[in-house]
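We use all heavy atoms of the structure for the numbers below, so side chains are in, but hydrogens, waters and symmetry mates are not.
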Amino acid sequence: MRKILIVGAGQSGLQLALGLQSQGYEITLMSNRTADEIRSGRVMSTQCMFHTALQHERDLQLGFWESQAPRIEGVGMSVAAPDSSRAVDWVGKLDGYAQSVDQRVKMAGWMETFAQRGGQLVIHGAAVSDLDFFSRTYDLVLVSAGKGELVSMFGRDASRSPYDAPQRALAVAYVHGLGPRPEHPEFDAVRCNLVPGVGELFVMPTFTTSGRADILFWEGIPGGPLDAFQGIKDPAEHLALTLELMERFTPWEYARATKVELTDANGTLSGRYAPTVRNPIGRLPGGGLVLGVADVVVANDPITGQGSNSASKCAASYLDSIVSHGDQPFDEAWMRSAFDRYWDTARHVTKWTNAMLAAPPEHVLQLIGAAGQLPRVADRFVNGFDDPSDLENFFYDPEKTHAFLAEAAGAAGAAS
């Protein structure tokens, strides 16, 4: 039985650990917190998982909260005009519904499941020196902890990392009491609100420790009016500022948020990080090698909502690469090939996310505007959240965009 060590108990580390465990591997999982500490701690992320990523969980029978989490059937886009009215407002329908489960709920539950199924769970922070020792006793060591000392083992890949500084200041609040969007009260959708030159507000239904909730998530251009959360420690003050900014920049969203309250005292989060692609192989002082997983090697800004989706897809890809490798050694060539296989998916996410962090070119503005009149355009755009590779066909190149818009307009005319 092959022995594998996974350091880090997030979406990718736990999904991979449980997947390998179900295949008969002897898995040790290292976490710096217990399940109870995670469950009662601060929110760790925003997350909205689309169909493909959810299916990876279903394939492993890990969708424990699927019946409880809201079914997100669409993604809406609003663009603020200079007078804070809406210049653009539409919603597209997803082919398969999305869902969001607070990572405090999911990671704690999955960690307990891993232990109940006989996995070796070690509650301890890991340093490079620890991995140097462990690499001699395991067939493979995977690093899935996206912060701290361990990440420094994986050098930045400058050719794939156009930004060397954070492009957004992030501020999250989990709330109860948000009203429905009046445009579609009959179904849930993630709402993306673009405020040109200022930043973005995302509103997404979720399932948290206290049941159904919503996430209010500001992404502010650094140095701008939304970059105002640094140093705020009091959760009530954080929420008050969130709402004040909503009233100023997205009054249509503020109108349904006048009665919200935080889900819990740990329901806020703020920070920033530079989107970075790193070299996937870490070299230990003693000569051993470790393979980076998900955010460790491909960390995108959350502006396109891809973090948990990418983590799930990375875990699924690595699971296949490990199982198909049989009893052969997990050497440097295999590590490189495992990452390259994942990069075939991740490169589309990185390209799209980095594009969305910049000011949109004219043809993208035309695409977003046309989606308000042509449901086919809106639907195809929002299904790119599930499969970003399709954006190559209509998003980046002006000629492809114009051809798609002409085709969609013609189809709409023929149907009317």
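Rounded to the nearest 0.5 Å, atoms CZ (Phe217) and CG (Leu201) are 9.5 Å apart. Note that the CG atom of Asp264 and the CG atom of Leu262 stand 7.5 Å from one another [nearest 0.5 Å]. Atoms CG and CD1, from Asp139 and Ile4 in turn, are 7.0 Å apart once rounded to the nearest 0.5 Å. Glu253 CD to Leu178 CG: the interatomic distance, rounded to the nearest 0.5 Å, is 7.5 Å. How far NE2 of His348 is from CZ of Phe395: 14.5 Å, rounded to the nearest 0.5 Å. Here the straight-line distance linking atom CG of Leu121 with atom CD1 of Ile6 works out to 11.5 Å at 0.5 Å rounding.
Counting heavy atoms from C-beta on, the side chains of Ile322 and Phe330 come closer than 4.5 Å. In this structure the side chain of Leu365 reaches within 4.5 angstrom of the side chain of Glu362, judged on heavy atoms. Between Val298 and Val349 there is no side-chain heavy-atom pair separated by less than 4.5 Å. Side-chain contact between Tyr342 and Ser310 is present, with heavy atoms from C-beta onward closer than 4.5 Å.
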Asn309 and Met49: CA distance, side-chain angles, deciding distance, side chain to side chain contact (heavy atoms under 4.5 Å, CB included) verdict = CA-CA 5 Å; Asn309 293 275; Met49 298 186 68; 4.0 Å; yes
request  = Might you work through the side chain to side chain contact (heavy atoms under 4.5 Å, CB included) test for Asp295 and Ser12, ending with a clear yes or no?
outcome  = CA-CA 9 Å; Asp295 276 2; Ser12 55; over 6 Å; no
request  = Carefully, step by step, assess Asp214 and Arg212 under the rule salt bridge (charged side-chain N to carboxylate O under 4.0 Å, His left out).
outcome  = CA-CA 7 Å; Asp214 289 274; Arg212 157 76 198 233; 3.3 Å; yes
ask   = Could you walk me through whether Val290 and Phe154 pass the side chain to side chain contact (heavy atoms under 4.5 Å, CB included) check?
value = CA-CA 9 Å; Val290 296; Phe154 304 91; 3.8 Å; yes
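A side chain to side chain contact (heavy atoms under 4.5 Å, CB included) with Phe202 holds for exactly one of Ile215, Val172, Val75, Ile303; it is Ile303.
For the residue pair Ala294 and Ala311, the shortest heavy atom distance occurs at CB-CA, 3.9 Å. Here the closest heavy-atom approach between residue Pro302 and residue Leu170 is recorded as CG-CD1, 4.0 Å.
Taking the six-membered ring where tryptophan is involved, the planes of Trp352 and Phe381 are perpendicular, since the angle between them exceeds 60° and thus also 30°. Classification of the His402-His363 ring pair by plane angle, with boundaries at 30° and 60°, yields perpendicular.
Note on Arg283 versus Glu332: salt bridge recorded, some NZ/NE/NH1/NH2 to OD/OE distance being below 4.0 Å. Using a cut-off of 4.0 Å between Lys/Arg side-chain N and Asp/Glu carboxylate O, Asp89 and Arg191 are scored as salt-bridged.
For the pair Asp390 (side chain) and Gly384 (backbone), a donor-acceptor distance under 3.5 Å is absent. A distance-only check finds a donor-acceptor pair linking the side chain of Arg104 to the backbone of Gly41 [under 3.5 Å]. No donor-acceptor pair under 3.5 Å is formed between the side chain of Arg272 and the backbone N or O of Ala169. Formation of a donor-acceptor pair under 3.5 Å by the Ser85 side chain with backbone atoms of Ala81 is not found in this model. When atom types are taken as modelled, the side chain of Asp227 and the backbone of Ile221 share no donor-acceptor pair closer than 3.5 angstrom.
Side-chain N/O atoms of Gln306 and Thr304 include no donor and acceptor closer than 3.5 Å. Of the N and O atoms on the side chains of Ser210 and Thr263, not one donor lies less than 3.5 Å from an acceptor on the other residue. Side-chain N/O atoms of Glu57 and Ser312 include no donor and acceptor closer than 3.5 Å.
Geometric assessment of Lys400 against the ring of Phe394 yields a negative cation-pi assignment under the 6.0 Å and 45° thresholds. Taking the centre and axis of the six-membered ring of Trp343, the NZ or CZ atom of Arg160 falls inside the cone set by 45° and 6.0 Å.
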